[in-house]
Amino acid sequence: MKQIKGPAIFLAQFISDEAPFNSFTTICQWAANLGYKAIQLPTVNSRIFDLEKAAQSQDYCDEVTSIAAQAGLTISELSTHLQGQLVAVHPAYDDMFDNFAPQALRGDPIARTKWAINQLMMAAKASKNLGLKSHVTFSGALLWQTFYPWPQRPKGLVEQGFQELAKRWLPILDYFDEMGVDVCYELHPGEDLHDGVTFERFLAATNNHPRVNILYDPSHFILQQLDYLSFIDIYHHRIKAFHVKDAEFNPNGRSGIYGGYQDWQDRPGRFRSLGDGQIDFKSIFSKLTQYGFDGWAVLEWECCIKHPEDGAKEGAQFIKEHLIRPTAKAFDDFSAMDTNGQRNKRILGI
């Protein structure tokens with residue numbers, strides 16, 4: 001069996017204007033000092049990582065890799081979550097998602113989508129230049145505003161929505177294929193790819209494209225009340241990236257999975273720092289190891305209670321303690337017998 005690598009950390013929630021979170025060199029040193037072995041890099045902050053330069057310059061990518069290596073780190077994946085979101089945006093969300101785009105493109109959905117697609121193309125090339133095999137992102141959404149079937153959805157609406165989503169993504173997926181990199185969609189509420197069924201719809205719409213894969217994050221499944229362990233049994237062959245993020249779901253007489261428009265602290269479903277939620281990570285790490293997942297276990301910190309630096313510090317140790325060194329032999333090999341056809345016949349009574 002193969003072994004999960006870790007611990008790694010997604011830097012998106014930690015980058016800020018304050019040291020050591022305001023430069024690539026210092027944030028690498030911070031992560032390494034906590035015990036992390038890899039970083040997952042967001043690509044929207046050029047002060048930390050210049051995506052356009054990485055797509056154009058092997059020398060720049062070598063420099064980035066060298067800075068990380070000097071701190072004892074490698075890069076697990078690049079992330080285009082915000083850009084992927086903008087590949088498909090329903091007009092109802094234009095104003096809110098405009099904030100993810102450059103100032104000059106806000107108010108221009110067509111230009112925003114073209115920019116987002118180009119960002120994904122650059123991420124494919126940058127991933128290749130960095131020697132990466134997986135990339136993490138969001139799918140975007142044209143149908144999310146209809147997730148609850150009231151009013152009743154018109155016949156054919158869902159199929160047409162996934163056809164359009166696939167049409168936008170297929171050129172991107174083909175280019176990632178050319179670069180030898182998997183696209184791993186984080187299945188997330190707010191995206192048209194948010195559970196197993198919607199992933200299957202998209203997979204079918206892209207003609208089972210080999211680069212359509214999954215970033216597995218159980219926190220989004222417990223908030224949907226989806227069986228996150230059975231999910232691994234069903235989709236393990238498509239799981240190519242892993243966010244280690246905890247969550248809890250505590251329904252009450254006033255609200256449930258929809259949350260009542262409440263702030264995160266008051267919602268029945270909320271994200272927590274590793275070890276503070278309800279997710280069974282022992283079983284998750286066991287199943288992923290059983291199925292041969294050998295990617296990185298990446299902490300994504302999102303907690304409405306604990307300070308992020310404390311969550312990062314505790315998370316490195318938490319992941320380290322859950323990593324499994326696979327056995328090289330069966331526990332009962334000591335009593336094994338060699339192959340003997342005649343003996344097998346006697347045992348079978350034939």
| Side-chain touch Ser255/Gln262, heavy atoms, less than 4.5 angstrom | yes

| Backbone N or O of Thr26 within a donor-acceptor pair of the Ser23 side chain at under 3.5 Å? | yes

| said: Suppose the criterion is salt bridge (charged side-chain N to carboxylate O under 4.0 Å, His left out): which pairs have a residue in residues 24-48, not counting sequence neighbours? | reply: Asp17-Arg47

| task | Output the distance between atom CG (Asp263) and atom CZ (Arg267), rounded to the nearest 0.5 Å. | result | 9.5 Å

| note | Sorted by chain and residue number, the salt bridge (Lys or Arg N to Asp or Glu O under 4.0 Å) partners of Asp227 (sequence neighbours excluded) come out as none

| query | By ring-ring contact (aromatic ring centres under 6.0 Å, His included), which residues pair with Phe281, not counting sequence neighbours? | reply | Phe318

| query | Any sub-3.5 Å donor-acceptor pair from Gln225's side-chain atoms to Ile222's backbone N or O? | reply | yes

| Shared hydrophobic cluster, Ile257 / Tyr261 (ILVMFWY, side-chain heavy atoms < 4.5 Å) | no

| Side chains of Asp246 and Gln278: is there a donor and an acceptor less than 3.5 Å apart? | no

| In the single-linkage hydrophobic clustering (I, L, V, M, F, W, Y; side-chain heavy atoms under 4.5 Å), do Tyr228 and Val136 co-cluster? | no

| request: To the nearest 0.5 Å, tell me how far Ile172 CD1 sits from Asp174 CG. | output: 10.0 Å

| query | Counting N and O atoms only, with roles assigned by atom type, does the side chain of Thr137 sit under 3.5 Å from a partner on the main chain of Thr80, one being a donor and the other an acceptor? | reply | yes

| Parallel, tilted or perpendicular: which fits the ring planes of Trp144 and Phe147, with parallel below 30° and perpendicular above 60°? | parallel

| said: Heavy-atom count check: over 12 atoms from other residues, nucleotides or ligands less than 6.0 Å from Ile347 CD1? | reply: yes

| request: May I have all residue pairs that pass side-chain hydrogen bond (donor to acceptor under 3.5 Å, both in side chains) and include part of residues 106-118, sequence neighbours excluded? | output: Asp94-Arg112, Asp98-Arg112, Gln103-Arg106

| query | So, do Phe10 and Tyr36 have ring centers that fall under 6.0 Å from each other? | reply | no

| task | May I ask you to check whether Asp217 and Ser219 show a side-chain donor-acceptor distance below 3.5 Å? | result | yes

| said: Considering only residues two or more places apart or on different chains, which pairs with a residue in residues 61-74 satisfy side-chain hydrogen bond (donor to acceptor under 3.5 Å, both in side chains)? | reply: Gln58-Asp62, Ser66-Gln70

| request: Taking atom types as modelled, find out whether Asp195 and Thr198 have a side-chain donor-acceptor pair closer than 3.5 angstrom. | output: yes

| query | Who passes ring-ring contact (aromatic ring centres under 6.0 Å, His included) against Tyr185, sequence neighbours left out? | reply | Trp169, Phe202

| task | Could you give me the CA-CA distance, side-chain angles and deciding distance for Glu164 and Arg168, then say whether salt bridge (charged side-chain N to carboxylate O under 4.0 Å, His left out) is met? | result | CA-CA 6 Å; Glu164 176 62 27; Arg168 298 187 188 193; 2.8 Å; yes

| Aromatic plane relationship, His243 with His81 - under 30° parallel, 30 to 60° tilted, over 60° perpendicular | parallel

| message | Just to verify, what does Phe24 make a ring-ring contact (aromatic ring centres under 6.0 Å, His included) with, not counting sequence neighbours? | response | none

| message | Can you tell me how far apart CG (Leu229) and OG (Ser286) are? Round to the nearest 0.5 Å. | response | 9.5 Å

| query | Under a 4.5 Å cut-off applied to non-hydrogen side-chain atoms, are Asp192 and Leu142 in contact? | reply | yes

| task | Name all pairs fulfilling the salt bridge (charged side-chain N to carboxylate O under 4.0 Å, His left out) condition that reach into residues 334-350, sequence neighbours left out, sorted by first residue then second. | result | Asp338-Arg343

| Is a side-chain N or O of Arg272 found less than 3.5 angstrom from the main chain of Ala247, in a donor-acceptor match? | no

| Pair Gln3, Thr289: side-chain N/O donor-acceptor within cut-off below 3.5 Å | no

| query | Quick one: CG on Leu11 to CD1 on Ile27, what's the gap to the nearest 0.5 Å? | reply | 4.5 Å

| message | Rounded at 0.5 Å granularity, tell me how far OG1 in Thr206 sits from NZ in Lys167. | response | 15.5 Å

| Within-4.5 Å side-chain heavy-atom neighbours: Leu51 and Phe49 | yes

| query | Any luck finding a side-chain donor-acceptor pair between Glu77 and His135 under 3.5 Å? | reply | no

| query | So, the side chain of Glu191 versus the backbone of Phe138: is there a donor-acceptor pair under 3.5 Å, distance only? | reply | no

| said: According to ring-ring contact (aromatic ring centres under 6.0 Å, His included), who are the partners of Tyr235, at least two apart in sequence or on a separate chain? | reply: Phe231

| request: Indicate, with yes or no, if the rings of His194 and His188 have centres closer together than 6.0 Å. | output: no

| Any side-chain hydrogen bond (donor to acceptor under 3.5 Å, both in side chains) pairs touching residues 320-330, not counting sequence neighbours? | Gln317-Glu321

| query | Does the side chain of Val64 come within less than 4.5 Å of Ile67's, by heavy atoms? | reply | no

| task | Step by step, work out the side chain to side chain donor-acceptor pair (under 3.5 Å) result for Glu314 and Ser273. | result | CA-CA 8 Å; Glu314 295 170 6; Ser273 284; 5.6 Å; no

| Interatomic spacing from CG in Leu78 to CG in Leu120 - rounded to 0.5 Å | 11.0 Å

| query | Would you say the side-chain atoms of Asn252 pair up with the backbone N or O of Arg254, donor to acceptor, closer than 3.5 Å? | reply | yes

| said: I'd like to check Glu248 versus Pro268 (side-chain heavy atoms, cut-off strictly below 4.5 Å). Are they in contact? | reply: no

| said: Determine whether a donor-acceptor pair (N or O, by modelled atom type, separation under 3.5 Å) exists between the side chain of Asn213 and the backbone of Pro210. | reply: yes

| Row check, Phe293 ring normal vs Lys2 NZ/CZ: under 6.0 Å, within 45° | no

| said: List the residues meeting side-chain contact (heavy atoms from CB on, under 4.5 Å) with Gln56, not counting sequence neighbours, and say none if there are none. | reply: Glu52

| task | Taking the side chain as every heavy atom from C-beta outward, state whether Asp276 and Lys306 have any atom pair closer than 4.5 Å. | result | yes

| query | Can Ile305 be reached from Phe249 by stepping across I, L, V, M, F, W or Y side chains whose heavy atoms are under 4.5 Å apart? | reply | no

| query | Taking the six-membered ring for Trp, are His220 and Phe271 parallel (under 30°), tilted (30 to 60°) or perpendicular (over 60°)? | reply | perpendicular

| query | Do Thr43 and Gln83 have a side chain donor and acceptor closer than 3.5 Å? | reply | yes

Quick one: side chains of residues 124-131, donor-acceptor pairs under 3.5 Å with protein atoms, not counting sequence neighbours, listed by atom name and distance.
{"residue": "Ser127", "atom": "OG", "partner": "Ala123", "partner atom": "O", "Å": "2.8"}
{"residue": "Asn129", "atom": "ND2", "partner": "Ala54", "partner atom": "O", "Å": "2.8"}

| task | Could you give me the CA-CA distance, side-chain angles and deciding distance for Lys133 and Asp182, then say whether salt bridge (charged side-chain N to carboxylate O under 4.0 Å, His left out) is met? | result | CA-CA 6 Å; Lys133 297 300 182 184; Asp182 289 318; over 6 Å; no

| Quick one: do Trp296 and Trp301 end up in the same hydrophobic cluster if we chain Ile, Leu, Val, Met, Phe, Trp and Tyr together by side-chain heavy atoms under 4.5 Å apart? | no

| task | Establish whether Val212 and Val183 are linked, either directly or via other cluster members, by ILVMFWY side-chain heavy-atom contacts under 4.5 Å. | result | yes

| query | Taking side chain as C-beta onward, heavy atoms only, is Ile4 less than 4.5 Å from Leu288? | reply | yes

